[in-house]
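To keep things clear, I will list the structure first and then write my remarks on it.
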Amino acid sequence: MRILHLYHDVMNLYGEYGNIAILTKVLKSCNIETEVICCGLWEKPDFSSFDFVYMGAGTEENQKLVLEKLSEEKEAFQEYVNKGGAALFTGNSFEILGDMITEETGKQWQGLKILPFRVRQQKKSRLTGDAVFSTSKIREETVGFINKCSCIEGIEIPCFQVLMGMGNEDRGKKEGITFKNLMGTHLTGPLLVKNPYLLLALVNDLIKKERKEGLTLEEKESLEKGVLAESIAAYEVTLRELKKRMEKEK
Amino acid sequence: MKKISTILLCKILRWIGKILGKGSSLPGKIALKICPDILERIKLPPYIIAVTGSNGKTSTVEMIAHILTENGKKVAWNKEGSNQIEGVTTLVLNSATLGGKVKADILLIESDERFARYTFRYIKPTHYVITNLYRDQLTRNGHPKWVYDALKDSIYPQVKLILNADDPLVSCFGKDHKEVIWFGAGKLEQDESSFSGIYHDGKYCPVCSHPMEYSRFHYDHIGHYACTHCDFKRQEAEFEVTNADLRQGTITINGKYDISLQLKSLYNIYNILAAFTVASLVGIEEKSMVKAINGFVAKNGRVVTFRLGNRKGTLLTSKHENSISYHQSLRIAAACEAGCDVLIIVDAVSRKYFTSDVSWLWDINFERLNCENVKRIILAGTYCHDLAVRFSYTGIPAEKIQVLETVEQAHEALNNDRKEEIYVITCFSDKDKFLQRVTQQ
Ligand SMILES: [Zn+2]
């Protein structure tokens with residue numbers, strides 16, 4: 001299985017490489033060989049032969065840089081997404097997929113226009129906070145952290161429902177975006193490390209493509225008791241702490 | 001009249017606050033409410049020295065205050081470390097006469113990076129030290145570039161900037177600025193020729209985004225760099241550490257001033273160098289500076305030695321959510337040739353605000369502990385499992401690592417007759433949970 005980590009050297013603000021590390025480790029435990037290609041800022045990505053594409057969060061400047069770079073490869077990338085290629089964009093990286101990013105000064109950046117939404121950014125205050133979300137993909141809640149300076153309008157099908165924290169439009173209840181096999185969310189950092197059940201769902205989808213059927217019950221159990229055991233313990237602690245917080249804020 | 005009463009009220013509130021053991025920001029907050037332009041009405045001393053940056057501001061300010069005071073200067077400074085506009089207001093009003101004149105030769109201010117633009121709108125520094133810009137408390141601060149933009153607004157054209165030449169982002173403040181004094185480290189014995197951290201914030205030019213080349217790394221992205229595309233590069237430093245012997249604990253500044261280190265760490269030498277630079281610009285004679293620095297004992301309690309039964313230990317306070325602060329501690333532990341056991345505690349991420357975010361653990365180069373000198377590792381606290389996941393990618397043999405949910409259990413696990421020294425690496429928010437169980441020295 002071939003994995004592309006896009007612009008790993010600039011879209012790396014919150015330890016995002018952890019996502020790729022845990023994904024390859026889990027795939028390996030399922031006896032699936034992986035090859036990870038890390039594409040740097042000045043390298044040209046080739047989308048023709050990948051099974052999974054990932055990009056993390058960066059500074060607002062670096063976000064514009066990678067938007068400019070990826071615009072040159074737009075057609076190939078759009079084809080990858082439209083054909084149902086699996087992709088995960090975390091933090092502000094998913095903002096570049098829309099129609100346009102408008103800065104506080106009025107300056108506008110044309111997005112990749114793969115999906116019809118608009119982003120407004122400001123420079124006054126950082127919008128940060130812990131998050132608890134739900135998604136139809138899994139039974140368990142998803143936990144994480146958001147660190148952004150934008151508001152996103154026009155997303156019909158989100159990735160998550162907000163139980164605690166910020167949505168695409170500040171107090172909105174929809175967060176992120178889903179389109180075919182692409183998932184975009186403002187949750188930052190090693191999202192898949194923090195959310196072992198979300199990781200298992202992703203692994204299941206990826207494996208299904210590779211060998212026609214997903215994870216067996218046996219495999220799932222041995223992952224949960226093996227390589228994912230500490231990750232699950234960590235997830236439970238975080239969920240417990242965040243639920244305490246939700247109670248307090250009620 | 002309003003001026004006098006505001007100053008008086010601030011002094012009284014501070015006096016009461018001190019008795020009650022309260023912090024120093026409330027009196028200033030009230031003063032600003034009663035008289036919003038109070039700071040403009042105060043007559044300030046001829047030298048106003050400001051210090052900001054991600055790491056080392058408090059240590060640098062303490063060192064500057066010590067050198068200046070030892071050399072007969074009267075210094076007003078924020079000892080309590082309240083470094084936002086309210087705390088600075090308390091400092092200024094508390095140091096002023098009722099007529100509104102600060103009774104000191106020098107006003108020395110440690111300022112929070114994000115709030116400097118508000119504080120220095122009223123109090124314009126004559127000298128402005130910026131130590132470094134690292135990834136620090138991203139859950140609150142956004143990211144270094146965000147902090148850079150906020151700090152940029154606090155710099156006035158007339159100020160003398162005193163900048164760390166070895167930090168690429170910090171050195172951008174010097175671009176097109178009239179008066180800049182650079183400090184930095186020269187060729188040091190322990191420099192590395194390639195990058196050894198996890199994320200490389202100096203990989204690309206902060207001006208044109210093309211790749212940068214480093215001829216040497218002092219640590220992380222701090223070193224000697226030059227852009228491969230534009231003319232951006234490290235500036236020659238007027239004040240330079242020309243030699244550093246961390247084993248012996250000595251450094252040399254500008255080839256002739258030898259200083260002995262209290263804390264034998266590479267990171268600490270920048271604080272000393274910044275203080276040396278400032279004192280020199282204020283007109284203190286170099287020999288008396290060296291004497292003052294050598295006699296300085298840091299009081300901020302960041303390094304605490306203790307005994308646990310028969311075992312000797314050192315607690316190294318490291319800021320959670322700040323990988324470079326952790327790196328400093330990890331290097332010290334990994335360099336312990338006699339062999340050591342290391343305890344890392346992440347129980348509360350912050351003492352000031354709530355968050356469960358631990359993504360910063362992935363920015364820390366815990367791989368440094370994968371060495372002969374480190375015999376056992378205990379990961380403890382509420383977030384011990386997150387630590388355990390991170391450590392499972394370090395290559396450190398699993399049998400060296402123990403994962404415990406409480407500090408109490410960790411203390412018990414260390415309470416034995418092993419010969420190894422103990423290093424405890426944790427934050428302000430968690431350190432007392434351990435220290436209350438041992439004998440401090
Ligand atoms: Zn350049």
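Residue numbers start from 1 in every chain, and the chains themselves are labelled A, B, ... in the order their sequence lines are given, proteins ahead of strands. The basis for the numbers below is simple: all heavy atoms, side chains too, and nothing from hydrogens, waters or symmetry mates.
Within the 4.5 Å cutoff, the side chain of A:M164 has heavy atoms near those of the A:R245 side chain. Residues B:I85 and B:F115 have side chains not in contact (no heavy-atom distance under 4.5 Å, counting atoms from C-beta outward). Looking at heavy atoms from C-beta onward, A:E141 lies out of side-chain contact with A:F160 at the 4.5 angstrom threshold. Contact of the B:F391 side chain with the B:L369 side chain is registered, since non-hydrogen atoms from C-beta on lie closer than 4.5 Å. Side-chain atoms of A:I22 and A:L228, non-hydrogen and from C-beta on, do get closer than 4.5 Å to each other. For the pair A:T128/B:Y353, no side-chain contact is recorded, criterion being any heavy-atom separation below 4.5 Å from C-beta on. For the pair B:I396/B:F366, no side-chain contact is recorded, criterion being any heavy-atom separation below 4.5 Å from C-beta on.
Among residues two or more places apart in sequence or in another chain, the side-chain hydrogen bond (donor to acceptor under 3.5 Å, both in side chains) test is passed with B:N55 by B:N322.
With a 6.0 Å cutoff to the six-membered ring centre and a 45° limit on the axis angle, A:K25 counts as a cation-pi contact of B:Y393.
When heavy atoms are compared at a cutoff of 4.5 Å, B:S323 does not approach chain A at all. For A:K124, the part lying near chain B is the backbone, with the side chain staying farther off; criterion is any non-hydrogen pair under 4.5 Å. Proximity to chain B is absent for every atom of A:Y235, based on heavy atoms less than 4.5 angstrom apart. In this structure, no portion of B:W360 lies under 4.5 Å from any heavy atom of chain A. The part of A:L65 that comes within reach of chain B is its side chain, from C-beta onward, which places non-hydrogen atoms under 4.5 angstrom from that chain. With a 4.5 Å cut-off on non-hydrogen atoms, A:L41 touches chain B through its backbone and its side chain both. Heavy atoms of B:R390 lying under 4.5 Å from chain A belong exclusively to its side chain. Only the side chain of B:I198 comes within contact range of chain A, with at least one heavy atom under 4.5 Å from a heavy atom of that chain. Interface remark: B:F354 contributes backbone and side-chain atoms alike to the contact with chain A (heavy atom separation under 4.5 Å). With a 4.5 angstrom heavy-atom cutoff, A:E16 does not touch chain B via any of its atoms. Looking at A:K123, the atoms closer than 4.5 Å to chain B (heavy atoms on both sides) sit in the backbone and in the side chain alike. Residue A:V227: no heavy atom, backbone or side chain, is found under 4.5 Å from chain B.
Ranked by non-hydrogen atom pairs under 4.5 Å with chain A, the options B:E405, B:H200, B:K145 are led by B:K145. Chosen from A:S231, A:A233, A:G189, A:G40, the residue pairing most often with chain B at heavy-atom distances under 4.5 Å is A:A233. Across A:T238, A:N12, A:L191, A:N62, the residue that shares the most heavy-atom pairs under 4.5 angstrom with chain B is A:N12.
Between B:Y148 and B:F173, the angle of the ring planes stays under 30°, which puts this pair in the parallel group of the 30/60° scheme.
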